[in-house]
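What follows is one structure encoded as structure tokens, with my remarks underneath.
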2 protein chains.
Amino acid sequence: MSDPATRNRSRATADMVARTANVSRVAVSRAFNPHASIKPEKRDLILKVAQELNYTPDMAARSMVTGRSHLVGIIVPDVSGPWESQELDAMTTALQAEGFATLLFRTRDDLSMDETLLTYMKGFNPDSVIAYAENVRPTTLARVLDRAVPIYVGYPDEEAAEAEAAPLFDRLDVLQREGIEQAVALMQGYGARRFAFLAGKTNSLATQSRERMVGKILAERGLPPPIRIQGDYMYDTAYRETLNQFRLGEPVDAIFAANDVGAFGAIDALRTELGLRVPQDVKVVGFDDIHQSHWKSYNLTTVKLDLAERTQALLRLILRRLKNPTSPSLTETVSTRLVVRGTVG
Amino acid sequence: MSDPATRNRSRATADMVARTANVSRVAVSRAFNPHASIKPEKRDLILKVAQELNYTPDMAARSMVTGRSHLVGIIVPDVSGPWESQELDAMTTALQAEGFATLLFRTRDDLSMDETLLTYMKGFNPDSVIAYAENVRPTTLARVLDRAVPIYVGYPDEEAAEAEAAPLFDRLDVLQREGIEQAVALMQGYGARRFAFLAGKTNSLATQSRERMVGKILAERGLPPPIRIQGDYMYDTAYRETLNQFRLGEPVDAIFAANDVGAFGAIDALRTELGLRVPQDVKVVGFDDIHQSHWKSYNLTTVKLDLAERTQALLRLILRRLKNPTSPSLTETVSTRLVVRGTVG
DNA sequence: AACAGTTTTGCACACGATTTCAATCTAGGG
DNA sequence: CCCTAGATTGAAATCGTGTGCAAAACTGTT
């Protein structure tokens with residue numbers, strides 16, 4: 001094995017291993033399957049020869065006959081976002097521990113690519129697919145995939161009707177009320193009256209759900225409805241639009257951001273450009289609790305989506321579905337809670 | 001298609017499409033291959049029937065006979081890191097545009113898992129593998145993979161001898177001198193004399209290469225060798241160790257961090273805990289130029305690894321190798337350059 | 001030594017596509 | 001109307017593996 005040009009470009013197959021070890025090809029297959037019945041010393045011999053020949057079972061061939069690809073597809077909008085990448089990291093780690101490889105796809109942040117991407121992904125026969133409400137329509141999910149039962153991560157309060165009508169797949173429901181309630185209560189407790197909601201991308205179900213919930217809770221507490229600052233989950237936009245709101249619109253004394261990165265943009269706009277103090281002049285709360293939120297420059301109070309909890313719930317759904325492919329659709333539920341740091345007190 | 005329990009759990013095959021369309025199975029295959037010769041109206045019919053049956057060619061079966069899996073494996077340490085996730089995002093987007101799916105694997109940040117992971121990955125028959133010097137040994141890379149020619153992203157000054165001796169695979173060489181030189185020059189120009197190097201993980205080739213290079217350039221300019229602050233690329237460690245350096249060790253007037261996130265930690269330690277001003281009292285330069293580096297709270301001067309340039313180079317390597325599998329090993333080179341912001345001037 | 005019971009073995013087929021290759025069909029020129 | 005080059009077609013082989021099934025080998029008991 002020297003230059004790419006001269007290296008052996010054909011993988012070793014089970015046949016070659018069988019021939020060099022003087023056993024049948026079936027034996028090789030059995031040697032690599034822990035549950036197969038084969039004489040221990042024979043297995044050892046085969047594994048040794050396999051190692052020498054640098055042999056690994058071909059997953060594609062294996063998956064054709066077993067029906068298991070050991071692939072889990074994940075569709076993520078903007079892998080580079082802190083929250084998304086942190087979730088992807090946790091999920092990939094967990095999947096790997098269970099013997100799955102992550103098949104990663106990226107979308108635009110809208111719903112426009114869901115059909116194309118799901119169809120393409122389907123070709124790889126993933127054992128499961130994790131799709132987020134952000135970029136995949138439930139109806140498309142149901143129509144395109146058939147072999148793998150996908151998992152739909154959504155916000156039940158938003159599309160309750162649809163969800164009831166069509167339990168087409170397993171779900172992870174994220175309950176956002178609790179954390180949002182705690183956040184509003186805390187800010188109100190410190191004197192906040194006039195709230196703004198720094199939104200994410202307009203067509204994001206997550207931001208819509210959060211905004212509606214914030215409005216509802218403010219109303220319950222006798223506070224005026226939130227002013228909407230239009231964002232897109234990005235720092236730069238949040239920075240700019242917060243500036244606009246305070247310079248051209250009505251100032252507020254509390255900002256509830258749809259995600260942490262947006263909150264950072266708002267905080268930086270308030271502090272560096274508007275000369276306002278956080279939390280004394282304006283209180284800020286974010287959403288997600290990404291690693292960056294505890295950095296000293298921000299020290300953000302935020303509604304936490306517990307990553308470990310989410311990951312475990314998703315993994316449970318996958319494993320349960322794989323163990324019992326014909327069971328009716330399953331739903332796991334995760335909640336949210338406020339993490340109190342320095343941008344409200 | 002209603003409940004998971006009752007939904008049709010077997011994918012449509014080319015046979016079924018052929019039967020319902022009254023054509024041969026071969027015709028179905030041809031309909032999906034743009035270069036195959038088939039009468040246009042026949043192809044249209046088949047594609048229509050295929051759509052109705054929700055048929056997609058099985059990639060596993062296809063790859064067995066064509067030898068192309070349309071999979072590109074990427075091994076990343078800590079997907080959640082801003083730099084890593086931003087590179088992964090760019091690469092996935094680029095690969096997807098070329099019809100590849102990303103097969104993602106995560107390692108620990110050391111080299112301990114390279115063999116296990118590469119062996120496992122090999123089973124999926126990726127058309128190419130992108131491996132970083134951070135977590136994969138070149139020797140392991142050469143030994144384990146055979147079918148796909150991998151791409152090794154490394155720092156040529158570090159392992160020049162080894163690289164020369166064994167051109168076993170395609171490479172992306174990152175030349176770090178230029179950017180580092182510019183950074184040191186800028187800091188020295190603003191009066192910096194006593195430098196610290198805030199290192200990454202000890203066994204990271206990237207940080208070793210950067211540290212050696214910084215030392216060399218300081219020497220060339222008649223400055224004392226850098227004090228080493230031991231970090232691990234993480235914010236918290238950088239924060240803590242910077243604190244220790246100034247409280248227990250010798251203060252410095254310039255910090256060269258091995259990555260941007262580390263620089264953020266140092267800056268926050270200096271400003272919030274030590275009451276020092278950046279850049280007036282201490283100058284700070286980072287490495288990577290992640291999205292966060294231009295956030296107003298940091299506004300970091302940093303050595304940029306041009307993501308677009310890297311991505312394009314990697315893609316070129318992959319496509320060239322796939323087009324000509326027997327060509328001798330290829331090398332692309334990318335450089336670095338300083339991005340001047342507010343932490344030095 | 002014969003028997004029943006349990007492991008271990010290997011043949012043949014299945015999985016779902018693509019790719020020769022030879023046969024058939026089509027169009028156009030003489 | 002016939003002939004030929006070129007476009008379409010489909011039967012059969014192939015890719016690398018797991019699994020059902022019947023035969024073979026082995027175990028220990030009488």
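All chains are named by letter (A, B, ...) in the order of the sequence lines, taking the proteins before the strands, and each is independently numbered beginning at 1. Keep in mind that the numbers below use all heavy atoms, side chains included, and drop hydrogens, waters and symmetry copies.
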Review point. For the pair made of CD in A:Glu41 and C1' in C:dT8, what is the distance, rounded to whole Å?
Key: 11 Å
Review point. A:Asp15 or B:Ile38: which one's nearest nucleotide on DNA chain D is closer to the 5' end?
Key: B:Ile38
Exercise for review: Would you kindly give the CG-to-P distance between B:Asn22 and D:dG10, to the nearest whole Å?
Suggested key: 10 Å
Practice item. Using whole Å, report how far NE2 of B:His35 lies from P of D:dA7. Key: 16 Å
Review point. Considering only C:dT9, C:dG16, C:dT18, which nucleotide approaches the side chain of B:Thr13 most closely?
Key: C:dG16
Practice item. Write down the distance between CD1 (B:Ile46) and C1' (C:dA17), rounded to a whole number of angstrom. Key: 14 Å
Check your understanding: Whole Å only: how far is the CE atom of B:Met59 from the C1' atom of D:dC15?
Key -> 17 Å
Revision key, fill the gap. Side-chain contact check for A:Ser29: nearest option of D:dT8, C:dA17, D:dG18 is D:dG18
Check your understanding: Using a distance-only test with no angle check, is there a side-chain donor-acceptor pair under 3.5 angstrom linking B:Thr326 and B:Asn324?
Key -> yes
**Study point:** A:Val26 side-chain proximity, nearest of C:dC11, C:dT8, D:dT17
**Key:** C:dC11
Exercise for review: Grab the CZ-P distance between B:Arg11 and C:dG16 for me, whole Å please.
Suggested key: 9 Å
Review point. Are B:Ile318 and B:Ile130 side-chain neighbours, meaning at least one heavy-atom pair lies under 4.5 Å?
Key: yes
Practice item. Respond yes when some side-chain nitrogen or oxygen of B:Lys42 is under 4.0 Å from OP1 or OP2 of D:dG10, and no when none is. Key: yes
Exercise for review: Compare side-chain N and O positions of A:Asn33 against OP1 and OP2 of D:dT19 and report whether any pair is under 4.0 Å apart.
Suggested key: yes
Review point. Does B:Gln96 use its side chain to pair, donor to acceptor, with the backbone of A:Arg106 at less than 3.5 Å?
Key: yes
**Study point:** hbond_proxy B:Arg43 side chain to D:dT8 base (donor-acceptor, 3.5 Å cutoff)
**Key:** no
Exercise for review: Quick one: label A:Phe32 by what it contacts on the DNA or RNA (base, sugar-phosphate, nothing), any heavy atom closer than 4.0 Å.
Suggested key: nothing
Practice item. Would you kindly give the NE2-to-C1' distance between B:His70 and C:dA17, to the nearest whole Å? Key: 13 Å
Review point. Quick one: on DNA chain C, does A:Arg30 or A:Met64 contact a more 5' nucleotide (nearest heavy atom)?
Key: A:Arg30
Point to revise | Parallel, tilted or perpendicular: rings of B:Phe100 and B:His70 (30°, 60°) | key: tilted
Review point. Does a distance-only test, which skips hydrogens and angles, find a donor-acceptor pair under 3.5 Å between the side chain of A:Arg68 and the base of D:dG18?
Key: no
Check your understanding: D:dC15 C1' sits how many Å from B:Asp58 CG, rounded?
Key -> 13 Å
**Study point:** N/O (side chain, B:Lys39) to phosphate O (OP1/OP2, C:dC25) under 4.0 Å
**Key:** no
Review point. Mind checking whether B:Arg11 and A:Lys122 have side chains closer than 4.5 Å, heavy atoms only?
Key: yes
